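Below you'll find the structure, written out as structure tokens, and then a few comments.
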Amino acid sequence: MWKADRRSGKSVRNPFSNSKLALLRSNPSCLRPILEIVMSEEATGNEYRQQRIENMNQLAATGFPAFGKAFERTARLDELHAGFEEGRQVKACGRIVAIRKMGKMAFTHISDGSAKFQLMVKKDLLGEEKFAAFKLLDLGDIIGVEGELFITKTEENTVRVAEWTLLSKALLPLPEKFHGLTDVETRYRQRALDLISNPEVMEVFKKRTEVMREIRNFLDGRGYCEVETPMLQQIAGGAAAKPFKAHYNALNVDVFMRIAPELYLKRLIVGGMDRVYEMNRNFRNEGLDRTHNPEFTCLEIYQAYGDMRTMQELIQSMFTHLAETIFGKIEFEWMGNTINLQTPWREVPYHDLIRENLGDGWFEKGLDEAKAKAEELEVHIEEGMDFKQVTHEIYDKTIEGSLIQPTFITRLPKELVPLANHCDDDPELVDVFELIIGGKEIAPAYSELNNPIEQRKRFEEQADGNGSKMDEDFLSALEYGMPPTGGMGIGIDRLLMLLTGSDAIRDVILFPQLKPRG
RNA sequence: GGGCCGGUAGCUCAGUCGGUAGAGCAUUUGACUUUUAAUCAAAGGGUCCAGGGUUCGAGCCCCUGCCGGCUCACCA
């Protein structure tokens with residue numbers, strides 16, 4: 001009777017194979033759960049899930065309940081490999097990621113996210129019942145085992161299993177073992193599956209954790225103090241970007257997810273916190289592509305009595321430190337280029353870079369000549385752009401992307417960077433750098449503007465008559481006096497793309513933003 | 001937003017000229033005590049992204065939509 005699936009009318013397999021019948025004979029009470037499932041109208045799902053539920057019930061009936069309790073292991077699997085010692089009795093656990101069953105023995109690989117480890121299960125060691133039950137395990141199940149370490153003929157570290165227990169039953173099948181999960185959409189939507197079946201993905205995210213920890217170590221070691229400033233802001237300042245909007249009921253005010261922590265960190269500098277940094281999420285209500293996610297992680301650092309040069313030294317030391325301590329190398333492959341982080345990095349003033357690429361006489365040219373050159377380079381120029389804007393457009397579209405090795409662009413025109421101090425020798429230029437690596441902007445740094453009158457003026461220009469956007473609290477903080485300050489912002493996700501050789505920001509963010517599935 | 005490409009079994013992918021829906025892995029059954037993409041034999045498994053249209057007949061051709069990838073543009 002259980003052969004008939006009422007829903008489809010199709011036949012289903014007889015769940016009672018010979019080996020299973022052997023189990024049933026020894027414990028007839030296990031018939032009940034099997035029948036409940038097989039006969040149940042609720043028994044839905046695909047063939048695999050159905051099969052695994054049957055296996056689960058048979059395991060439960062023979063003394064292996066499907067969802068166990070905490071398991072005290074001797075060590076994690078990577079530690080087990082590291083401290084391998086033949087003959088040692090150990091307890092180990094993990095998810096079954098490969099299984100090779102034979103008549104009276106089986107080999108299995110378990111993985112706990114740190115490493116894989118081979119298990120050998122033999123009938124004569126376990127006894128008939130426990131061995132038969134072991135053969136009911138499915139790929140993906142999580143088990144704990146106890147046994148002796150030894151090395152196989154093929155010289156692989158292995159546990160000879162004397163006891164085992166089921167810790168968690170996997171009801172859904174894992175992706176194919178050889179190709180893993182490659183469907184990009186499924187990988188992002190079901191990151192857990194991605195992590196289980198693609199070890200290199202796990203590796204990237206472990207590196208992410210290490211990098212963030214090491215950044216903190218590095219900065220803490222230099223006396224920088226990590227702080228947390230508001231994510232919910234009533235005025236979204238510190239950058240020019242569209243914010244996400246929310247409403248705070250208790251105060252009946254609209255609030256914004258922050259687009260940058262800058263204005264709060266500067267308040268702390270005013271308050272006397274000498275060296276501060278914040279490494280956390282920013283939110284920008286903008287497009288989504290290979291290098292942009294609406295929430296992204298940014299490291300902002302401010303140092304009182306410093307300037308752009310302070311930041312220049314800091315970022316070179318920090319990046320090479322990360323490269324050497326975490327990755328053990330100084331060269332990285334990224335987006336088809338080899339990038340060498342060996343310091344000192346090249347520094348070139350903006351105007352020199354332009355002349356280098358567009359000719360010595362570039363800044364003597366007129367607007368029409370510049371536009372003609374833009375056209376020649378297939379750079380689109382908007383109506384009404386002036387000479388500086390045309391120049392910058394050409395820079396943006398053709399020069400920046402060609403700077404593969406780390407390059408500091410300095411002495412930018414003040415129009416491009418409204419929140420920085422001007423250069424001592426030229427009020428038209430600002431004392432900043434933009435760090436370009438692999439043709440991508442990685443970090444800007446400023447000698448911060450600390451003149452409150454000038455700051456107010458620039459805010460007013462930026463707000464364009466919309467007074468409600470002015471952060472008056474910040475301006476009055478500045479009026480109490482902010483020391484000369486060096487500041488820098490580093491896009492952590494992009495840094496991680498570089499260090500891990502990832503081409504897409506989604507590959508370094510665990511749960512990237514996706515459209516809802518229709 | 002524009003252009004191009006894609007969505008077929010749990011996974012990875014084929015699918016010819018429009019004519020019975022295919023393979024490998026996985027699953028099930030049988031064999032198997034040193035395997036490791038185990039092996040050997042057999043079997044089962046499909047909302048061909050969705051909805052329309054053309055046609056005697058559509059996975060395939062046409063239209064619309066959804067989701068994704070690449071790319072260009074925009075925004076910063």
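Computed from a prediction, not measured in an experiment: that's the story for all the values here.
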Quiz item: So, do Tyr48(A) and rG10(B) meet the stacking rule of ring centres under 5.5 Å and planes under 30°?
Solution: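 Stack criterion not met.
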
Whole angstrom is fine here: how far is it from [atom1] in [X] over to [atom2] in [N]?
{"X": "His179(A)", "N": "rA23(B)", "atom1": "NE2", "atom2": "P", "result": "17 Å"}
{"X": "Ile53(A)", "N": "rU27(B)", "atom1": "CD1", "atom2": "P", "result": "16 Å"}
{"X": "Leu181(A)", "N": "rA26(B)", "atom1": "CG", "atom2": "P", "result": "17 Å"}
{"X": "Lys242(A)", "N": "rC74(B)", "atom1": "NZ", "atom2": "P", "result": "13 Å"}
{"X": "Phe150(A)", "N": "rU35(B)", "atom1": "CZ", "atom2": "P", "result": "12 Å"}
{"X": "Gln190(A)", "N": "rG68(B)", "atom1": "CD", "atom2": "C1'", "result": "15 Å"}
{"X": "Glu185(A)", "N": "rU12(B)", "atom1": "CD", "atom2": "P", "result": "11 Å"}
{"X": "Asp289(A)", "N": "rC70(B)", "atom1": "CG", "atom2": "P", "result": "9 Å"}

Self-check item: rG68(B) OP1/OP2 closer than 4.0 Å to side-chain N/O of Arg189(A)
Solution: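 Answer is yes, contact under 4.0 Å.
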
Quiz item: Does Lys515(A) make a side-chain N or O approach to OP1 or OP2 of rC67(B) shorter than 4.0 Å?
Solution: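 Yes, within the criterion.
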
Quiz item: More than 12 foreign heavy atoms under 6.0 Å from CD of Glu155(A): is that the case here?
Solution: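 Result for CD/Glu155(A): open.
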
Exercise. Identify, between Lys101(A) and Lys153(A), the residue whose nearest nucleotide on RNA chain B lies closer to the 5' end.
Key: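 The residue mapped nearer the 5' terminus is Lys153(A).
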
Practice problem: Name the residue closer to the 5' end of RNA chain B, choosing between Gly103(A) and Gln118(A) according to the nucleotide with the nearest heavy atom. | Solution: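 This one resolves to Gly103(A).
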
Self-check item: Residues Lys104(A), Lys122(A); criterion side-chain contact (heavy atoms from CB on, under 4.5 Å); working and verdict
Solution: CA-CA 6 Å; Lys104(A) 297 190 178 72; Lys122(A) 292 170 79 172; over 6 Å; no

Practice problem: Under the side-chain contact (heavy atoms from CB on, under 4.5 Å) rule, what do Arg290(A) and Ile505(A) come out as? Steps first, then yes or no, please. | Solution: CA-CA 6 Å; Arg290(A) 205 160 43 124; Ile505(A) 198 166; over 6 Å; no

Base, sugar-phosphate, or nothing for [X], non-hydrogen atoms under 4.0 angstrom?
{"X": "Thr152(A)", "result": "base"}
{"X": "Asp396(A)", "result": "base"}
{"X": "Asp124(A)", "result": "base"}

For the side chain of [X], starting at C-beta, report the closest nucleotide among [options].
{"X": "Glu176(A)", "options": "rU33(B), rG44(B), rU12(B)", "value": "rU12(B)"}
{"X": "Arg284(A)", "options": "rU28(B), rG68(B), rA76(B)", "value": "rA76(B)"}
{"X": "Thr182(A)", "options": "rC13(B), rG68(B), rU33(B)", "value": "rC13(B)"}
{"X": "Glu47(A)", "options": "rG68(B), rG45(B), rA37(B)", "value": "rG45(B)"}
{"X": "His380(A)", "options": "rG68(B), rC74(B), rU34(B)", "value": "rC74(B)"}
{"X": "Arg100(A)", "options": "rG10(B), rU35(B), rU28(B)", "value": "rU35(B)"}
{"X": "Met102(A)", "options": "rC11(B), rU28(B), rU35(B)", "value": "rU35(B)"}
{"X": "Asn55(A)", "options": "rC70(B), rG10(B), rU28(B)", "value": "rU28(B)"}
{"X": "Ala240(A)", "options": "rA76(B), rG68(B), rU27(B)", "value": "rA76(B)"}
{"X": "Lys177(A)", "options": "rC25(B), rC67(B), rU35(B)", "value": "rC25(B)"}

Only pairs with both distances under 3.5 Å count, Watson-Crick or wobble alike; so what is the partner of [N] in this structure?
{"N": "rG18(B)", "answer": "none"}
{"N": "rC70(B)", "answer": "rG3(B)"}
{"N": "rC11(B)", "answer": "rG24(B)"}
{"N": "rA41(B)", "answer": "rU29(B)"}

Exercise. Quick one: sort the Phe408(A) and Phe433(A) rings into parallel, tilted or perpendicular, breaks at 30° and 60°.
Key: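 Rings of Phe408(A) and Phe433(A): perpendicular, as their planes differ by over 60°.
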
Exercise. Classify the angle between the aromatic ring planes of Trp164(A) and Phe134(A) as parallel (below 30°), tilted (30 to 60°) or perpendicular (above 60°).
Key: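 Aromatic pair Trp164(A)/Phe134(A) classed perpendicular.
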
Interatomic distance at [atom1], [N] relative to [M], whole Å:
{"N": "rG1(B)", "M": "rG15(B)", "atom1": "P", "result": "31 Å"}
{"N": "rU8(B)", "M": "rA58(B)", "atom1": "C1'", "result": "14 Å"}
{"N": "rC49(B)", "M": "rC13(B)", "atom1": "P", "result": "15 Å"}
{"N": "rC66(B)", "M": "rU20(B)", "atom1": "C1'", "result": "31 Å"}
{"N": "rG53(B)", "M": "rA42(B)", "atom1": "C1'", "result": "44 Å"}
{"N": "rC75(B)", "M": "rA37(B)", "atom1": "C1'", "result": "48 Å"}
{"N": "rC74(B)", "M": "rC67(B)", "atom1": "P", "result": "25 Å"}
{"N": "rG10(B)", "M": "rU47(B)", "atom1": "P", "result": "7 Å"}

Quiz item: Taking atom types as modelled, is there a side-chain donor on His81(A) or Asp78(A) under 3.5 Å from an acceptor on the other?
Solution: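 Checked: His81(A)/Asp78(A) side chains show no N/O donor-acceptor pair below 3.5 Å.
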
Practice problem: Show your reasoning for whether salt bridge (charged side-chain N to carboxylate O under 4.0 Å, His left out) applies to Arg95(A) and Asp112(A). | Solution: CA-CA 6 Å; Arg95(A) 183 188 297 278; Asp112(A) 64 359; over 6 Å; no

Quiz item: Cationic tip of Arg160(A) within the cone over Phe150(A)'s six-membered ring, i.e. under 6.0 Å and within 45° of the normal?
Solution: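 Yes, a cation-pi geometry holds between Arg160(A) and Phe150(A).
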
